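Naming convention: chains lettered A, B, ... in sequence-line order (proteins, then strands); numbering from 1 in each chain. Note that the structure is predicted; figures quoted are calculated from it, not measured.
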There are 2 protein chains.
Amino acid sequence: MTNKTIKEVSRPVAKVAVAKPMTAGKRAASGKTRRAVGSTPTRNLHGHVVHELGQRIVGGELRPGELLPREETLAEQMEVSRTALREAMKVLSAKGLVESRPKVGTRVRDTRFWHQLDADVLGWRCALMPTEDFVRKLVEMREVIEPAAAAAAAVRCSVEQLERLDAAYAAMDAAKDLDAWAEADLAFHEAVLNATNNELMASLFSVIETALGTFFVLSARTAKDFKYSLPHHQKVLEAIRRRQPDAARRAMLRMVDDSRANMEKRRRNAKA
Amino acid sequence: MTNKTIKEVSRPVAKVAVAKPMTAGKRAASGKTRRAVGSTPTRNLHGHVVHELGQRIVGGELRPGELLPREETLAEQMEVSRTALREAMKVLSAKGLVESRPKVGTRVRDTRFWHQLDADVLGWRCALMPTEDFVRKLVEMREVIEPAAAAAAAVRCSVEQLERLDAAYAAMDAAKDLDAWAEADLAFHEAVLNATNNELMASLFSVIETALGTFFVLSARTAKDFKYSLPHHQKVLEAIRRRQPDAARRAMLRMVDDSRANMEKRRRNAKA
DNA sequence: TGCGACCATATTGTAGGACAATATGCAAGC
DNA sequence: GCTTGCATATTGTCCTACAATATGGTCGCA
């Protein structure tokens, strides 16, 4: 049978290369090394399929309401077995992106059903260049979440959690390049969320992470003064240490607003 | 030791025949009619497995770090094929609850990796009686999210969105029993989140829904004055209509705080 | 002619068996 | 004692077959 030969040859190829037969030559493995918190490591085959289809859906190539090809042909196009495809579909379904029903097929769900806070979904939205509108929404989330988290942390954080905050701050202070600073910055904001002792709050880190990551990307060119927000962080840290929730809230709000203003200025410059 | 419990609880119905594995037709109608936003309808077989295992993990029966039986035996215990079990595993994995690796097996992940904002995970946490601590966290989330959402809605909501708010309020006003009121109440709070025009904010409805649902359960016995918070809702609605973000924020905060106080009082009464 | 019931059919859902890939832990060799 | 390599257990992937299900058209009936 031709099936056999096809299978034997195509298997190793599909893993490494991007030689998709008919699908638009989408770059699957974009150079992104940074991984979001709960994101799929894309090590497995079906992980790749999840990534590929998820990105196409969130990216708008596959529109809500659209009916996907049936599993058999879609599996052929992706060069995986129907089994692997179905496992990927279950994941996408769990993220609210698609809905499968017997006889009718699998269709892309309306955006209001998408799990927008899912780390993968957030990541896919930033796959290319995030839209101005999306950045605005991310910042709005930060303005809501982080000041409240800082206040809660000031009230309830433990000694260990304060130590982690200290460590993150020290790492930011000691950072020699943008990469090191970005890592420490993320750790700091994660530590604040964790210090609330509310795991629901902490789960919003996926949003913060995406927002900060976007900010780093947008501000990559002016990397010389990347430490400009260190004083803001210090104020937050000190307020938490002194158990002053209101001061912590205000300091954090100033930090977020400052970062937003900075980004907007930068965007205007880029346009001009 | 866990093996035994896994087997006995699972799918009591499907024990009938060995030759006809497909006896899982009914058993879908568990008293719950209301379904959470993105929750799995549990119509499929693997949906059942997801529900079953997810509940056991979140419920603490299967502890973080614990190694699950290998797929083949687990599939036997659940009386499904390995295929179906694996599809369920992929979903649980997407929710951050488990992690599978070749040769080592599938183990329950630490709680910090769980997607706590996932509608299913939230639901499973409330499967029995939610702990006092969990209720506290839910209320804290409401205090952070809803006032901010109300303020944003006052700034940006469209005419259609305001109409939906009006409709929800009217339905609350007209509600004759607790069920009707609960439904309208949910619709109101969802409308507020949608009126922010920020889908990230709107995705937090799963949390609000869980919090309100818990509140309804806890306050079921004093159902006579279930409309006591109508004036609060009216104030929020009017503030949004008049485009007064600060007033909307304050009104919403009062509503949440009032509902918390109410619940705490009730809890004290129940204890005494 | 209008309408409801029924059946053909296309698609997903489930099962089961086979083999490949992978990481662990032990054993052998230096 | 340390490293290296192999045996092995478990997940990962593929394949095939069939059952369940919902759609849409067709047939029967009033």
(message) Check this for me: does the side-chain of B:Arg82 come within 3.5 Å of the base of D:dG12 through a donor and an acceptor?
(response) yes

(request) Return the 5'-most residue of the pair B:Pro102, A:Thr83 with respect to DNA chain C, ranking by each residue's nearest nucleotide. (result) A:Thr83

(request) Starting from P on D:dC15, measure out to CD on A:Glu76 and report it in whole angstrom. (result) 10 Å

(message) Within the 4.0 Å heavy-atom criterion, would you say A:Arg101 contacts the bases, only the backbone, or no part of the nucleic acid?
(response) sugar-phosphate

(message) What is the separation between atom CG on A:Leu74 and atom C1' on C:dT11, rounded to the nearest whole Å?
(response) 13 Å

(request) Whole angstrom is fine here: how far is it from CG in B:Asn44 over to P in C:dT12? (result) 13 Å

(request) Locate the shortest heavy-atom distance separating B:Leu138 from A:Leu200; write the atom from each residue and the value. (result) CD2-CD1, 3.9 Å

(message) Between C1' on D:dT23 and CZ on A:Arg107, what's the gap in Å once rounded to a whole number?
(response) 12 Å

(request) Whole angstrom is fine here: how far is it from CD in A:Glu99 over to P in C:dG13? (result) 10 Å

(request) Would you mind reading off the distance between A:His48 atom NE2 and D:dG12 atom C1', rounded to a whole angstrom? (result) 14 Å

(message) Please determine whether a side-chain nitrogen or oxygen atom of B:Ser81 lies at a distance below 4.0 Å from atom OP1 or OP2 of C:dT14.
(response) no

(message) Please give me the minimum heavy-atom distance between A:Cys126 and A:Phe134, naming the atom from each residue.
(response) SG-CE2, 3.5 Å

(message) Walk me through whether B:Arg164 and B:Glu160 qualify under salt bridge (Lys or Arg N to Asp or Glu O under 4.0 Å).
(response) CA-CA 6 Å; B:Arg164 292 191 69 102; B:Glu160 295 82 17; over 6 Å; no

(request) Whole angstrom is fine here: how far is it from NZ in B:Lys103 over to P in C:dA23? (result) 12 Å

(message) Which is more 5' along DNA chain D, the nucleotide nearest A:Leu85 or the one nearest A:Val104? Just name the residue.
(response) A:Leu85

(message) Taking side-chain contact (heavy atoms from CB on, under 4.5 Å) as the criterion, tell me which of B:Asn194, B:Val192, B:Asn198 meets it with B:Thr196.
(response) B:Asn198

(request) Using a cut-off of strictly less than 4.0 Å, decide whether B:Arg86 has a side-chain nitrogen or oxygen near OP1 or OP2 of D:dT11. (result) no

(request) Between C:dT12, D:dG12, D:dT10, spot the one nearest the side chain of A:Arg70, thanks. (result) C:dT12

(request) Apply the test salt bridge (Lys or Arg N to Asp or Glu O under 4.0 Å) to residues A:Glu199 and B:Arg125: give CA-CA distance (whole Å), side-chain angles for both, the deciding distance (0.1 Å), then the verdict. (result) CA-CA 13 Å; A:Glu199 63 276 13; B:Arg125 290 189 75 164; 2.8 Å; yes

(request) Verify the contact: side-chain N or O of A:Lys90 to OP1 or OP2 of C:dG13, cut-off strictly under 4.0 Å; return yes or no. (result) yes

(request) Specify the separation, in whole Å, of atom CD of A:Glu87 and atom C1' of D:dC15. (result) 14 Å

(message) Can you tell me if A:His46 touches the phosphate of D:dG12, counting only side-chain N or O atoms and a distance under 4.0 Å to OP1 or OP2?
(response) no

